[in-house]
2 protein chains.
Amino acid sequence: MSKRATAREVAAAAGVSKWTVIRAFTPGASITEESRRRVLAAAEALNYTPNLLARSLATNLTHQVAVFVDDFANPQKLPFLEALTARLQAEGRVVMLININTQFDHVRALLNADQRQVDAVILFGTAFRDETLRDRKLSKGMPPLFVLARDSQIEGIPAVVCDAQLALRDIVSHLAGKGYRRPGFMAGAQVLSTALQRKHYFAHFWGRHGISVSTELSADDYSWKAGATALHSYLSITPPAERIDVLMCENDILAMGALDVLRSDFGLRVPEDMAVLGFDNLELSGTPAYSLTTYEQPLHAMVDTVVAMVTGDLESKTVAISGQLILRSTA
Amino acid sequence: MSKRATAREVAAAAGVSKWTVIRAFTPGASITEESRRRVLAAAEALNYTPNLLARSLATNLTHQVAVFVDDFANPQKLPFLEALTARLQAEGRVVMLININTQFDHVRALLNADQRQVDAVILFGTAFRDETLRDRKLSKGMPPLFVLARDSQIEGIPAVVCDAQLALRDIVSHLAGKGYRRPGFMAGAQVLSTALQRKHYFAHFWGRHGISVSTELSADDYSWKAGATALHSYLSITPPAERIDVLMCENDILAMGALDVLRSDFGLRVPEDMAVLGFDNLELSGTPAYSLTTYEQPLHAMVDTVVAMVTGDLESKTVAISGQLILRSTA
DNA sequence: AAAGAGCTTGCTACCGGTAGCAAGCGCCGC
DNA sequence: GCGGCGCTTGCTACCGGTAGCAAGCTCTTT
C-alpha cells in the first residue's frame, strides 16, 4: 500500500513542471492538447488524483457540508438524509454527519465544523438556543448556518420548513368539517419550536371555529413509546365523557404510539371513539395496520431549497413550503 | 464575518513565534507555563482554534471516517448511524456520510473518499463487488475498508456482522420445536451476501431436521411494499393446502409487509395459518399492531467492534457477534 | 523584418499547520 | 570559572495544492 502520487511525481514522469500537471486537471486552464495528453497518461500510470485536502487548504473551500442531527428515533430522518446526501453529492458536496448529544453538544459541534472548514452547516431538525451562538463564536467567520425542518429561533439564520400555517389550516378545516369538536394536541418535547408552531396554528384555526384546544399532552421525546406512554396516562386519568374526540400528534411516530394504546390497551375504536392524526407520512403510516391520516412534508422541495441556498443558487432566507394532507382512516 | 485567526496572528499578539503558539495547543509539547498562558490569552482574545485542514495535510491524518450507505429504506439504519456517529465522535473521529446510488457509485465514492484522505471507510450494509476494487484502485494507498452488518465478499476486507449461524440455529430450533414443518424464506435482493448467509443457514438447520426449504420468495428491495408485494403474489398463486406454514423474512421491514398482506388482504391468522419471523427488531416491530417475532442484532457490540478496528485498538479481522431471539406473537 | 498579440509554461509566494534540528538560556556541579 | 545538561524557543523544510506574474514561444500583422 504505497502512498498517493503527487503532482510533482506526475510532473517528473511527464517531463513537465508540476504547474502544468495541475493545469491538466483544472477545467478551462491554459494548456496545449499535447501537454494535457502527456500529463493525463502519466497520471493514469501513477494513479494520480488531486489531493482535495491540499486544494481545500489553498482555496478555502472544502465542499463539505455539516449536517447536525440530534434525534435518531424518528424514521422520517432517513428519507431526508437520503435526499440531502444525494442532492449535495450531485452538487459536488459531501455530508459530514454530526450527532448532537450530551457528549457532543451544539457548541462543540460548531467549533469542530468550523475547524474543519465546512462550507455550511445544516441544522436538521435540531433545536438550537440563542445563547449557543452568543458563545462568542458567531463573531469570527463561522460557516453559514441553515435550519431544515424546524423553525429558526435566531434572527438571521434562514430556515426551510413545511408551511405549518397552511398545513394546520387544512387539517383543522377537515376535522371541523367532519364534526369533531373536542380537539387535543400531543407535542414531542415542549421546548422545541416546531411543536410550538404546529400547536400554535392548531389552536389558532380551531379558534376560528370558536373552539379552544385545552388538552395538550406532551411526550418525552419523538418515539413510539413516548407517544404511547403520554396517551396511556391521559386515558387512565380522564373519564370517557371528558375525553377529546380527536388527537393531533406532532408527528407520525407519536401518533402510532397513540393508536396502539387506543386500540390495543383500551379497546377503543379509531376514529369513532377518538380520531388521530400524525405528521410526516412515514412509509409504515400507510400500512393497513395503522392507516394513519397524516400530513406529508414536501421533502424534496425542502431539500432542493436548502441545497440551493447552500450552493448559493438561491437567496438565503426563511422559506415555508406547503405539503399535502393524506386522508386515511384514522380521521 | 471576518476570517479565522491563524497561529501567526496569535503569535504576533502574544509576542512569540508561531511555533510557540502551536506548542501551546499541542499536549505534551515543551513550553513554559508562562508562555502557554500568554498564548492562550491571546488565542482567546482572537478566537483562535487550530485549522484542522492544515493539520490534516501535514500529518496525513484527517480523523474522518467515510460511511457508505446504499439503502435508506430500512429504518434499522438509523439506530446504527446514531451509534456509529456517537462512538466515532467519542473517539475524536467524524463521519462522512456517503449515499451510494446510481449517480454516485462505489468507485466514485471510494475515489472521493480517498481524495479527501479519510482515515477509513466503513461499508455499512452495502453490497460490494469484487470487480469494483479491481478497478486498479486498491493498488495505491486506499484507506482501509471495513464492512459493517454485511459479509465481506472480498478477501482481506474485514467484516463485522451478526452471527447468522447462531441466529438461524436458534430460530430454526425454535420453529421446529413449535411444530412447523413447511418453512419458506423471503429475501430482499438476491445478489446480496447477507441474504445468502441467512438463507443458507436457514436451509442448513432445517436440513438437520430432515426438512428442505423449497419456497424462496424474493422482494425487489428492503421495504414494506416489496415485502407485501412478494407475499401477495405468492399467496395469489398458491392454494392454501400447498402453502408454507412459516415464513422467515430477511428483515423486519419485509416481515411487516408480509404480515399486513396476510392479515388484511387475505384475512389469515398469524401464526395459526402462517407464522412470520423478521430480523432486526425495529422499534415498531414490538408494537401491538405487529408484535413480530424477530432476532435482534447486537448493534452496540457491532458498532463498538468496528470502531475499535478503525481506531486500531482491535485487530482488523472478520468478526461475527451473536444476537438475541425476540419471541413475540407471530411465531 | 520588426513589432505586437496571445497562448503556454515555469516561477515565486502562499494556504496553515507539523517535524525535527540547532541555538539560546539558565542552572548545576566540579 | 568553565563545561555540560536540559529545557525552551526559533528556525528551515515540508505537506500538496492554488494564484497570479512574467518570460518564452508562436504566429500574425504591417
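A quick note: this is a predicted structure, and the numbers were derived from the prediction, not measured. Sequence lines set the chain letters: A, B, ... in the order given, protein chains first and strands last, and positions in each chain run from 1.
An OP1 or OP2 oxygen of D/dT9 is reached within less than 4.0 angstrom by a side-chain nitrogen or oxygen of B/S35. The side chain of A/S30 places an N or O atom within less than 4.0 Å of a non-bridging phosphate oxygen (OP1 or OP2) of C/dT8. Contact check, A/T32 against C/dT9: a side-chain N or O comes under 4.0 Å of OP1 or OP2. Distances shown here put a side-chain N or O of B/T20 below 4.0 Å from the OP1 or OP2 atom of D/dG10.
Rounding to the nearest 0.5 angstrom, the gap separating the OG1 atom in A/T311 from the NE2 atom in A/H63 is 11.0 Å. Interatomic distance, CZ of A/R4 versus CG of B/D114, reported as 4.5 Å (0.5 Å rounding). The CG atom of B/L111 sits 9.0 Å away from the CZ atom of B/F104 when rounded to the nearest 0.5 Å.
Nearest to the side-chain atoms of B/I31 among the listed nucleotides D/dG16, C/dC7, D/dT9 stands D/dT9. Listed nucleotides C/dC15, D/dC15, D/dT18 differ in distance to B/L57; the shortest reach to its side chain belongs to D/dC15. When each of D/dT18, D/dG10, C/dG17 is scored by its nearest atom to the side-chain atoms of A/R55, the top-ranked nucleotide is D/dT18. Closest approach to the A/S17 side chain among C/dT18, C/dG10, D/dG17 is made by C/dG10 (side chain taken as heavy atoms from C-beta onward). Candidate nucleotides D/dT18, C/dT18, C/dG10 were compared by shortest atom distance to the side chain of A/K18, and D/dT18 ranks first.
Rounded to an integer number of Å, the gap from CD of B/E34 to C1' of D/dC7 is 15 Å. Protein atom CD of B/Q117 is 11 Å distant from nucleotide atom C1' of D/dG17, rounded to whole Å. Rounded to whole Å, the distance from CG on A/L61 to P on D/dG16 is 21 Å. Atom P of nucleotide D/dT9 and atom CZ of B/F25 are separated by 15 Å, given to the nearest angstrom. Between the CG atom of A/N51 and the C1' atom of D/dT18 there is a distance of 13 Å, rounded to whole Å. Rounded to whole Å, the distance from CZ on A/R8 to P on D/dC14 is 8 Å. Rounded to whole Å, atom P of C/dT8 lies 18 Å from atom CD1 of A/I22. With rounding to whole Å, A/R36 atom CZ is found 14 Å from C/dT9 atom C1'.
Between B/R23 and B/A58, the residue anchored closer to the 5' end of DNA chain D is B/R23, taking for each the nucleotide with the nearest heavy atom. Of the two residues contacting DNA chain D, namely B/N60 and B/E33, the nearest-nucleotide position lying further toward the 5' end is that of B/E33.
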(message) side chain to side chain donor-acceptor pair (under 3.5 Å), that's the test. Do A/N60 and A/Q117 meet it? Break it down for me.
(response) CA-CA 8 Å; A/N60 210 25; A/Q117 302 272 77; 3.2 Å; yes
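A donor N or O paired with an acceptor N or O is not found under 3.5 Å between the base of D/dT8 and the side-chain atoms of B/W19.
Both tests do not hold together for B/K77 against B/F72: distance to the six-membered ring centre under 6.0 Å, angle to the ring axis within 45°.
Within the nucleic acid shown, B/Y48 comes within 4.0 Å of sugar-phosphate atoms alone, with no base atom in reach, counting heavy atoms only.
Using the six-membered ring where Trp is involved, B/F25 and B/Y48 have ring planes that are perpendicular, over 60° apart on the 30 and 60° scheme.
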